[in-house]
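As the structure is a prediction and not an experimental result, all values here were calculated from the model.
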Amino acid sequence: MAVAMMQTPLQLRLQPRPPAVVAARHRRRLQSGFPPPNPRRGGGWCRCCANADAGKAQAQARRAYPYDEIEPRWQRHWEEHRTFRTPDIGHGLDTSKPKCYILDMFPYPSGAGLHVGHPLGYTATDILSRFKRMQGFNVLHPMGWDAFGLPAEQYAIETGTHPKITTERNINRFRSQLKSLGFSYDWDREISTTEPTYYKWTQWIFLQLLKRGLAYQAEVPVNWCPALGTVLANEEVIDGVSERGGHPVIRKPMRQWMLRITSYADRLLEDLDELDWPESIKEMQRNWIGRSEGAELEFSAVDKEGHDLGANLLVYTTRPDTIFGATYVVLAPEHSLLSSLISEEQRVHVEEYIELTARKSELERTDLQKEKTGVFSGSYAKNPATGEIVPIWVADYVLGSYGTGAIMAVPAHDSRDHEFALKYKLPIIKVVSPLNGNCDSEEAYADDGIMINSSSSSSGLNIDGMLSKDAALKVTEWVEANGFGKKKVNYKLRDWLFARQRYWGEPFPVIYRDDTNEMLPLQENQLPLTLPELDDFTPTGTGEPPLTKATDWVKTVEPLSGKPARRETSTMPQWAGSCWYYLRFMDPQNASMLVDKAKESYWGPVDIYVGGAEHSVLHLLYARFWHKVLYDIGVVSTKEPFKCLINQGLILGEVEYTAYRDNKGRWVSADSNSSLIDCYQEKVPADKVTKVGDHYVLKDDANIRLNARAYKMSKSRGNVINPDDVVSEYGADSLRLYEMFMGPLRISDVHRDSKTWSTGGIEGVHRFLGRTWRLVVGTPLPDGSYGVGTTVTDEEPTLDQLRVLHKCIARVTEEIQETRFNTAISAMMEFVNAAYKWDTQPKSVIESFILLLSPFAPHMAEELWFRLGNSRSLAHEQFPEGKSEYLKESKLVLPVQINGKTRGTILVDKECSEDDAFQIAASDEKLSKYLTGKGIRKRIYVPGRILNRKGRNEKPTQAQ
């Protein structure tokens, strides 16, 4: 019965309470003046309390070292003493010293807080920053918040909480988490893009763009999401729905602010060569800019009888040599002339197709794997080279935003055109023959070759027999001479759509006069134009931005005439604030200018910029564009903002193991020949899994192979690792060390950039830190605590100890400089292993090692440094330098051959003589058995390379 399963109040009282709960209750009673419990035990704690204390002692014993005491203490010390504050120029900064500006891509402070993927890059920049400080550099290492944006606004809409409140709360959490990891940021320079004192200068930059004609308004087709009430970038639309929320997205024309980034296309392309960036990232930017050389050709529109319709279609092609193979023309559905070219018979079909296309993003439309679709317009065009009439089609694989929005289709030599022509049974004429004559007749041939079928007596153009490149030049010259076109350089890069129909963003510093609708910029002394307080920031549903609801704010007057005016109600995109934040860190409190020239000249450009490869195009391209504009107007002194870029990759969740069961519940191996479609999957705990060869199997049945895969961390999978939990269980230094030990920091392939989290891995580095702690401090006392002293001595180090130390110094220094942090940690592990074999630990050696360790595990290093008798932080101590005299190997391993066969090796001094080498070999236990009772006819000794012995009946061979 259900009632029998219920627990009555009496049953609950009789159940034993957890020992820690009882102990806490007893302590509270004592603090309140109650007598100690259980006086017959001498006033001691009762059994429950004793058990709780015993559990605490066991937990202490399990800890590798007392990180929970050390880390908070040193974090307070750094904050109270402002250890990592970078002075300003003119206020204590020694500008004669070299500088190093090390920057993380600042985070968006989401409500979820940090996960363990975030500290990967942050730890790397912290190691570099600490290392450079100790090398005598002035280091600028700040942190701030990219806090405007759609996620905060959507959360505010869903919860009714103002985005300013949630943003501040999220920033506080992020800041607290970052501080708990011991990062050496200069928190005095902290900025947020949502602060008016910051976005005043974002608005100021916009006014400079406006003055130079680089900001303008235009009616453009945009990705409009009615549910979110805003325009989305192409990258924010996936399969016709919004990336955030999965809401339907349509294409519709809207008047929008645009930035003329295309004016800087050539400079953005050319200056990539000067950057120390991953080549894959530079190539992605080159492809995004997409510079191409070709020709713009003019096709006149006609009806099916060949009568001129009074419209000329400009088509852009990179292959003017193939003009004789153009068998149809394709217009983008949004082409401006399309409506005038649709025949009445085709109008309904074309309009339906245009409406269907409006629901697709540009990325979907240009997907090469997508089946091509289109519709005939009902009109035709005349090929200027052949004079022939070809049909005009409408297809979504042609974009109105690229080239002229129209192409001449050459299906024999373009795969997209070929696929389209086959589907709609359009003519295919080959005009290029491969140089070797071999060509798949079923596929489009897209490479260069020799021109065929390419002459016309009516037009006088003949390129038969010419090479493709020569033919392209001749065609271009011919169209220019006859008024049919011109040479043209084109770009895939489009002007930047710079407006969003949302509330939580920077207001545009412009107004519109009510009587003339003339747009007028605000005066610079009127900045910042701040966001109004709004209680209702939900989408209007009409396309009008939420700011239209702030009627008192929208209504204003034109300052000079006093006439009524209204404010712009769209806001800037989230990219705006992140385009220039690196400059504000140089001079965050300046109220009179964006950045002081002397400070920018000293600190710029950013020396090391670390962040995810997902920002490889948009953020980096937009920031480079703004920087070049600021360079042109004299605000900055460098052509590029970021000298060196490092992508750190992703951290995936722990490996998940999946098995299959059939409908009777029996295990089925993942490599089974039988179908797995009818089986159901079951997750298997890691402790039930073992590895056999390259595969994972069940421990209880090695015949059952499992699928093993790590996934990107997400709430929905439940595999998110919270760094707070890791710090609580292992300490911040363990987390820092493990993330650096997982593998190389730099990724060479943006498509294979992941590392997999493993709890077993962090336990390993935690044990290493424990061994390091005990090497210096000694073994713990019976209660799990440690004494206040150390085990080091004041003895002079031996030559062997100095060699081990300086070998470690040299390796760690080189690996930090090359950002190979995992191998630097390996070198320090080797040092600790060697030091445990020493009879004594000289203080001078241990101090140097602690300085090596400090960039990686700063809390432990500071504590050990203090225990060794140093009174101030080691943050600005000199980093050790490896001395060459201790790096030379004094001994070497010498191979020994007997009768032509290598029988073993011996360890000898580098300057060992032949007689000494022979004596060592003769006394070697393994080698002596080959010599017993035998005479030596000849010895061959090559110092440092080999010792060769020949018996009496053997012919000598020269040692190699």
Problem - Nearest-0.5 Å distance that lies between atom CD in E219 and atom OG in S336 - result: 13.0 Å
Practice task
Look at the side chain of T569 and the backbone N and O of P545, then say whether any donor-acceptor pair between them is shorter than 3.5 Å.
Solution key: no
Problem - Ring geometry between F508 and F206 (parallel below 30°, tilted from 30 to 60°, perpendicular above 60°) - result: perpendicular
Handout entry: Close side-chain approach of L522 to I511, heavy-atom, < 4.5 Å
Key = yes
Exercise for the section: Inspect the surroundings of NZ in K423 and state if more than 12 heavy atoms from other residues, nucleotides or ligands are less than 6.0 Å away. Expected result: yes
Problem - Side-chain ion pair, R624 and D271, N-O less than 4.0 Å - result: no
Handout entry: E524 and Q208, any side-chain heavy atoms less than 4.5 Å apart
Key = yes
Handout entry: Centroid separation Y328 to Y424 less than 6.0 Å
Key = no
Problem - Donor-acceptor pair between W257 and E568 side chains, under 3.5 angstrom - result: yes
Handout entry: Atom pair CG (N647) and CD1 (I281), whose distance is rounded to the nearest 0.5 Å
Key = 4.5 Å
Practice task
Inspect the surroundings of NZ in K549 and state if more than 12 heavy atoms from other residues, nucleotides or ligands are less than 6.0 Å away.
Solution key: yes
Handout entry: Separation between CG of L259 and CG of L210, rounded to the nearest 0.5 Å
Key = 10.0 Å
Exercise for the section: May I ask you to test the I450-L435 pair for a side-chain heavy-atom distance under 4.5 Å? Expected result: yes
Practice task
Decide if atom CD of Q346 counts as having more than 12 heavy atoms of other residues, nucleotides or ligands within a radius under 6.0 Å.
Solution key: yes
Handout entry: Whether Q203 side chain and L529 backbone form a donor-acceptor pair below 3.5 Å
Key = yes
Problem - R416 side, atom CZ; I407 side, atom CD1 - distance, nearest 0.5 Å - result: 6.0 Å
Practice task
Find out whether R500 and W575 are in side-chain contact, i.e. whether some heavy atom of one side chain is under 4.5 Å from a heavy atom of the other.
Solution key: yes
Exercise for the section: Using only heavy-atom distances, determine whether the side chains of Q501 and S570 contain a donor-acceptor pair under 3.5 Å. Expected result: yes
Problem - Spacing of L560 atom CG and L520 atom CG [to the nearest 0.5 Å] - result: 8.0 Å
Exercise for the section: Salt-bridge test for E270 and R267: reply yes if a basic N is under 4.0 Å from a carboxylate O, no otherwise. Expected result: no
Problem - Under 3.5 Å: donor-acceptor pair, side chain of N453, backbone of K430 - result: yes
Problem - Pairwise side-chain contact, H413 with R319, heavy-atom cut-off 4.5 Å (strictly under) - result: no
Practice task
Carefully, step by step, assess H627 and T638 under the rule side chain to side chain donor-acceptor pair (under 3.5 Å).
Solution key: CA-CA 8 Å; H627 191 89; T638 63; 3.0 Å; yes
Exercise for the section: Flag the pair E279 and K282 as a salt bridge only when some basic side-chain nitrogen lies within less than 4.0 angstrom of an acidic carboxylate oxygen. Expected result: yes
Practice task
Indicate the ring-plane relationship of Y380 and F376, choosing parallel, tilted or perpendicular according to the 30° and 60° boundaries.
Solution key: perpendicular
Practice task
State, with a plain yes or no, whether a side-chain heavy atom of N490 is found less than 4.5 Å away from one of E296.
Solution key: no
Exercise for the section: Decide if atom CD of E442 counts as having more than 12 heavy atoms of other residues, nucleotides or ligands within a radius under 6.0 Å. Expected result: no
Practice task
Look at atom CD of Q523 and say whether more than 12 heavy atoms of other residues, nucleotides or ligands are closer to it than 6.0 Å.
Solution key: no
Exercise for the section: Indicate yes or no: at least one non-hydrogen side-chain atom of S468 is less than 4.5 angstrom from one of V432. Expected result: yes
Practice task
Check the surroundings of atom NZ in K487: do more than 12 heavy atoms from other residues, nucleotides or ligands lie under 6.0 Å from it?
Solution key: no
Problem - Between CG on residue N482 and CD on residue E477, distance to nearest 0.5 Å - result: 11.5 Å
Practice task
Would you mind telling me which of W626, W496, Y491, F625 makes a ring pair (Phe, Tyr, Trp, His ring centres under 6.0 Å) with Y264?
Solution key: F625
Exercise for the section: Check the pair F484, W478 against ring pair (Phe, Tyr, Trp, His ring centres under 6.0 Å), reporting the backbone distance first and the verdict last. Expected result: CA-CA 8 Å; F484 292 130; W478 180 82; 5.5 Å; yes
Problem - side chain to side chain donor-acceptor pair (under 3.5 Å) evaluation trace for T571 with W504 - result: CA-CA 8 Å; T571 52; W504 194 234; over 6 Å; no
Handout entry: Side chains of T262 and D495, donor plus acceptor under 3.5 Å
Key = yes
Handout entry: I261 backbone acceptor or donor facing S263 side chain under 3.5 Å
Key = no
Exercise for the section: Would you mind checking if E344 and R347 are paired as a salt bridge, meaning a charged N to carboxylate O distance below 4.0 Å? Expected result: yes
Exercise for the section: Could you tell me whether K563 and D514 have a side-chain N and a carboxylate O separated by less than 4.0 Å? Expected result: no
Practice task
Kindly check if the number of other-residue, nucleotide or ligand heavy atoms within 6.0 Å of NZ (K628) is above 12?
Solution key: yes
Handout entry: Any donor-acceptor pair under 3.5 Å from N462 side chain to D464 backbone
Key = yes
Practice task
Indicate whether any N or O donor in one side chain lies under 3.5 Å from an N or O acceptor in the other, for S578 and Y622.
Solution key: no
Problem - Student check: side-chain heavy atoms of L309 and S379 closer than 4.5 Å - result: yes
Problem - Other residues, nucleotides, ligands: >12 heavy atoms within 6.0 Å of K486 NZ - result: no
